[in-house]
Amino acid sequence: QVQLVESGGGLAQAGGSLRLSCAASGRSLSGYRMGWFRQAPGKDRVFVADINWSSGRTDYADSVKGRFTISRDNAKNTMYLQMNSLQPEDTAVYYCTAGPIGLSNKYWGQGTQVTVSS
């Protein structure tokens with residue numbers, strides 16, 4: 001079992017930055033992939049970025065490539081999403097997720113609101 005708690009959401013202006021954090025507890029994250037999804041009002045929940053906890057390999061949605069950076073601190077069992085050059089289209093609830101590599105199940109955090117104004 002893994003418990004996930006997001007933080008760092010808030011209000012930013014277009015062109016600004018925010019850093020989201022996701023603190024994981026309950027077990028070692030070795031063998032896990034952790035990442036971020038987001039859901040804008042009236043839209044489906046979509047993939048943003050993820051990272052292989054052991055290798056550090058990352059993947060990004062095309063919409064955020066070059067602007068967002070995912071990283072992790074193994075000692076703290078914490079994952080980060082550095083969001084730069086924010087745009088109003090980035091406004092959404094951002095969810096932290098963790099899943100064992102090779103399996104379909106995922107754990108989800110409660111989400112944190114990110115709002116970007118023009």
So how far is it from [X] [atom1] to [Y] [atom2], rounded to the nearest 0.5 Å?
X: K106; Y: T97; atom1: NZ; atom2: OG1; result: 5.5 Å
X: N74; Y: M79; atom1: CG; atom2: CE; result: 12.5 Å
X: L81; Y: T112; atom1: CG; atom2: OG1; result: 11.0 Å
X: N52; Y: R33; atom1: CG; atom2: CZ; result: 6.5 Å

Looking at every heavy atom in both [X] and [Y], which two are closest together, and how far apart are they?
X: S30; Y: S54; value: CA-OG, 3.7 Å
X: A49; Y: Y60; value: CB-CD2, 3.6 Å
X: R72; Y: S55; value: NH2-C, 3.9 Å

[X] vs [Y] side-chain heavy atoms within contact, under 4.5 Å:
X: I101; Y: W53; answer: no
X: R27; Y: V2; answer: yes
X: F68; Y: D90; answer: yes

Exercise for review: Just do the side chain to side chain contact (heavy atoms under 4.5 Å, CB included) check on S63 and Q87 with the steps written out, would you?
Suggested key: CA-CA 11 Å; S63 59; Q87 301 298 315; over 6 Å; no

**Study point:** Pair listing, ring-ring contact (aromatic ring centres under 6.0 Å, His included) test, anchored in residues 96-118, at least two apart
**Key:** F37-W108

Between [X] and [Y], is there a donor-acceptor pair closer than 3.5 Å when you use the side chain of the first and the backbone of the second?
X: Y80; Y: T69; answer: no
X: T91; Y: E89; answer: no
X: R67; Y: S85; answer: yes

Check your understanding: Should we count CG of D44 as having more than 12 external heavy atoms under 6.0 Å?
Key -> no

When the side chains of residues 3-26 are checked against the rest of the protein, which donor-acceptor pairs come out under 3.5 Å, sequence neighbours left out?
from : atom 1 : to   : atom 2 : distance (Å)
Q3   : OE1    : S25  : OG     : 3.3
E6   : OE1    : Q110 : N      : 3.0
E6   : OE1    : G111 : N      : 2.9
E6   : OE2    : C96  : N      : 2.8
E6   : OE2    : G111 : N      : 3.1
S17  : OG     : N84  : OD1    : 2.8

**Study point:** Ion pair R57/D50, N-O distance below 4.0 Å
**Key:** no

Point to revise | Geometric cation-pi criterion R45 and Y95, 6.0 Å radius, 45° cone | key: yes

Exercise for review: Let me see the working for M83 and V114 under side chain to side chain contact (heavy atoms under 4.5 Å, CB included), right down to the final yes or no.
Suggested key: CA-CA 10 Å; M83 305 185 294; V114 171; 3.9 Å; yes

